[in-house]
Amino acid sequence: MTINAAFKGNLGDFTLDAAFEILAKGVAGLFGPSGGGKTTILRCIAGLERFSGNLSVNGEVWQDDAAKLFRKPHQRAVGYVFQEASLFPHLSVRRNLLFGAERGNKTGAGETFKLDDLVDLLGLSALMDRAPAALSGGERQRVAMGRALMSSPRLLLLDEPLSALDRQTKEELFPYLEDLHEALSIPSLYVSHDMSELERLADTLVLIDKGRVIASGPLHDLQADPALPLMSAPEAAVALTGRTNEIDKTYGLVTLAVNGGTLIVPSRQARLGEERRLSIKASDVSFTRAAPQETSILNCLPVKILSANVQERDPTHVNIVAALGENGEGARIVGRITRKSQEKLGLTEGANAYAQIKSIALAP
Amino acid sequence: MSEFAELWPPVRLTLLLASVTTVFLMIVGTPLAWWLARSRNGWKEAVAAVVALPLVLPPTVLGFYLLIALGPNGPGGAVAGLFGGRSLAFTFEGLVIGSVIYSLPFVVQPLRNAFESFGERPLEAAATLRASPWDAFWSVAVPLARPGFITGAVLGFAHTVGEFGVVLMIGGNIPGETKVISVAIYDYVETLQWGHAHALTIGMLIFSFAVIFTTMLVNRRFARVTP
């Protein structure tokens, strides 16, 4: 699905001037600092906010100022999950879920879900006859997701659905989001100011700041682009997808094949051939010129240095982008080392080295 | 009790007037309160002030203007002419019109507060779930504003039952046509029929208490059900 959007306008002293095209397959993350206009863009796509501009979703024109066309929110086949669940307090969970189903099917939009399937997927069966007031924050947000999906949307819009929840509830909710991502083919736009959420969920990314789109593309490409602000964030990381090649039950390790190498990662559960999302933090990557021997670190891979840039906020450190494989044909990773080490080892563009990866986060 | 039989016509008339007025109050007050709660029009507070005028205006002032408007030379007279009448003043229909205007703030204010209390969000959620504005109004806004509807209807009804000045100005004192309880009480006192006056005033006292007490109970119940 392609989303073509251009919005322009002012809201108080906030100026929005965003134009982008995303090939929304899976989850596209809208990322940027708070107050940068992510939510406004999402609301424009849903038709809840009206700025001048154009919008077409999969070839269907939803807004075209030149043709004086603006589809009302209820005429757009979107599912919207708000930051606060915003369930209807006067309806039971079941009636909330069915609210959109009764109306959405009339517009004959996207994929139709069976109530029972979604109830299973979101673990709602025990909650069906309760009032929203009797639910916990995480439960409410799960109902809100189910309600949005039951309206058969072509496009799911999620506006920081986890940010109103505490850390523990967030962790509880994540598996549901990951299951949805895996089980459903519905394209989603996911707004967040928390990169760790998007690392686990997003396939593509749109970077937004001060009402403008800075960049958009596959998550991995943007994370490893030294020109973008993602890299200078303290928690900079790169997300990769690996296929489970080997399972070592003795030590509880799995071997994952990623583009340009293999990685060994601890994992409690695994299935051969399964695709896993993993994330490598820049601060967990160090470099050596010679192949390291007798080290406790499991993952030492030959790499080719693509770039070395002094960390913007902290000039004692350098961010190094390296591509896996001796010829640098594989996936890119990012490492953060001191400027002293970088100069001593001569880790400049084109140099060969070994990347030592101290730890890898694996999505469950 | 036969000597109190003459109390029944004013009571019956008052209940009929209050019921009919309440129906019209809801029909007129609901869209007005909705507009006041949702519109971004700069004039809406001016409109709200006009609606609230009966709260501060002496009933005789309101009654005077209504008398002119409903009289043979006013728009009311013109409407009456269509039905073969000469004037809407001193008629039951005229009383209904006057009562609706007089009691309007008592319906619009609680309704507006109720519509404002839940904000835009439930309506936005309904819109993203493909409910048209009309659909969302009935399926979301009205149920969420239920305490406001109850308070508004009860206050509008009770206030109409209790009105005196406006009725006297535009309705006069025609038995069975415009003589409502409050006017009847005044009459009985004037003619020193204290027993009849007592019977009606005690009835009004009990009625008023029951109305306010029930409204409070109902609103408390809803406050618990809907967070």
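Just so it is clear: chains get the letters A, B, ... in the order the sequence lines come, proteins before strands, and each one is counted from 1. A quick note: this is a predicted structure, and the numbers were derived from the prediction, not measured.
Counted within 6.0 Å of CZ on A:R95, heavy atoms from surrounding residues, nucleotides or ligands total 12 or fewer; the atom is thus considered open. Around CZ of B:F164, the count of heavy atoms belonging to other residues, nucleotides or ligands within 6.0 Å exceeds 12. Around OH of B:Y65, the count of heavy atoms belonging to other residues, nucleotides or ligands within 6.0 Å does not exceed 12. For B:K44, the NZ atom sits in a packed shell: over 12 heavy atoms of surrounding residues, nucleotides or ligands are nearer than 6.0 Å. In this structure, B:F90 places its CZ atom where more than 12 heavy-atom neighbours from other residues, nucleotides or ligands lie under 6.0 Å away. When the shell of 6.0 Å around CZ of B:F64 is examined, it contains 12 or fewer heavy atoms from other residues, nucleotides or ligands.
Looking only at heavy-atom pairs under 4.5 Å with chain B, the residue among A:P73, A:A148, A:A46 that has the most is A:P73.
Just one of A:L157, A:L48, A:V81 meets the side chain to side chain contact (heavy atoms under 4.5 Å, CB included) condition when paired with B:T128; it is A:L48.
The shortest non-hydrogen separation linking B:A125 to A:R147 is CB-NH2, 3.7 Å.
The shortest side-chain heavy-atom distance between B:L129 and A:R103 does not fall under the 4.5 Å cut-off. The closest side-chain heavy-atom distance from A:S86 to B:E124 is not below 4.5 Å.
Contact of A:A144 with chain B is not made at all, since no heavy-atom distance falls under 4.5 Å. A:R43 touches chain B through its side chain: at least one heavy atom from C-beta onward sits under 4.5 Å away, while N, CA, C and O do not. Residue B:A136: no heavy atom, backbone or side chain, is found under 4.5 Å from chain A.
With A:H90 contributing its side chain and B:S139 its backbone, the two residues share a donor-acceptor pair below 3.5 Å. The backbone N or O of A:V78 lies less than 3.5 Å from a partner atom in the side chain of B:R130, making a donor-acceptor pair.
B:L123 CG to A:F88 CZ: the interatomic distance, rounded to the nearest 0.5 Å, is 8.5 Å. We find the CZ-CG distance between B:R121 and A:L87 to be 11.5 Å, quoted to the nearest 0.5 Å.
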